[in-house]
Amino acid sequence: MEIVTVDKFLSSRDLDQIDRDSADANWRIQRSDVHSKDFLKCELKDEFYTEYIFSKIKPHLDSDYKVSRVYFNGQWPGRDGSFHTDNCPRTALIYVRPYHPEWGGFTQIQKSKMEFEIIMPFQNRLVIFPGDAQHKAYAFSGDELPMRVSLAYKLV
């Protein structure tokens, strides 16, 4: 299973636009399944995300995928996700907010029965992985820390 990471993925102009949009987002409470904790989500339909930003992701993909859904994920401290799959061939995440390693907040992706990959959510990092891989996002660990925000693409 291949996991692709690209650091310093977007221009500062594009990243600033995404950060502003996430700050002004129409967040809704979401739950992956009945056993998971609440997190925040904001669906995006704007061509800036569905076409322009996706055009920057395409060169890093292993096939000609299309966007099924694109949205912001938001996790406030103490709201770790649950292991789940995305029911799509590929998932792409872009980490939006500034990050310090002592905050926690990593993404854990299961590569095999006994092997996991840990992805640190450094701002402006792109990660692409198989959507059928079990994975889990962890919130930042301190109550005084900002919300962890990622831009998620479900690709078919």
Worksheet item: With sequence neighbours left out, what residues match Pro89 under side chain to side chain contact (heavy atoms under 4.5 Å, CB included)?
Response: Tyr65, Val156
Worksheet item: So, do Gln123 and Tyr95 sit near enough that their side-chain heavy atoms are less than 4.5 Å apart?
Response: no
Worksheet entry | Validation row: Asp80, Gln108 side chains within 4.5 angstrom (heavy atoms) | no
Worksheet item: What residues, two or more places apart in sequence or in another chain, satisfy side chain to side chain donor-acceptor pair (under 3.5 Å) together with Asp7?
Response: Arg125
Worksheet item: With sequence neighbours excluded, what pairs up with Arg28 under the side chain to side chain donor-acceptor pair (under 3.5 Å) test?
Response: none
Fill in: Side-chain heavy-atom pair Leu151, Val70 within 4.5 angstrom cut-off
yes
Practice prompt. Check side chain to side chain contact (heavy atoms under 4.5 Å, CB included) between Glu115 and all other residues, then give those that pass, not counting sequence neighbours.
Written response: Lys111, Ser112
Practice prompt. Name all residues meeting the side chain to side chain contact (heavy atoms under 4.5 Å, CB included) criterion together with Ala92; count only those two or more places apart in sequence or in a different chain, and write none if there are none.
Written response: Ile57, Leu126, Ile128, Tyr153, Leu155
Practice prompt. Applying side chain to side chain donor-acceptor pair (under 3.5 Å), name anything that partners Asp86, two or more places apart in sequence or on another chain.
Written response: His84, Thr91, His135, Lys154
Discussion item. Can you list, by chain and residue number, the hydrophobic cluster partners of Ile118 when the side-chain cut-off is 4.5 Å?
Written reply: Tyr99, Trp103, Phe106, Met120, Phe122, Tyr138, Phe140, Leu145
Worksheet entry | Pairing residues for Ser150 by the side chain to side chain donor-acceptor pair (under 3.5 Å) criterion, not counting sequence neighbours | none
Worksheet entry | Test side chain to side chain contact (heavy atoms under 4.5 Å, CB included) applied to Glu102 - qualifying residues, sequence neighbours left out | His100
Fill in: Set of residues satisfying ring-ring contact (aromatic ring centres under 6.0 Å, His included) with respect to Phe54, sequence neighbours excluded
none
Practice prompt. Kindly state each residue pair satisfying salt bridge (Lys or Arg N to Asp or Glu O under 4.0 Å) with at least one member in residues 42-53, sequence neighbours excluded.
Written response: Lys41-Glu43, Glu43-Arg69
Discussion item. Can you give me the closest heavy-atom contact between Arg90 and Pro130, atom names plus distance?
Written reply: NH1-CA, 3.5 Å
Fill in: salt bridge (Lys or Arg N to Asp or Glu O under 4.0 Å) involving Asp24 - partner list, sequence neighbours excluded
none
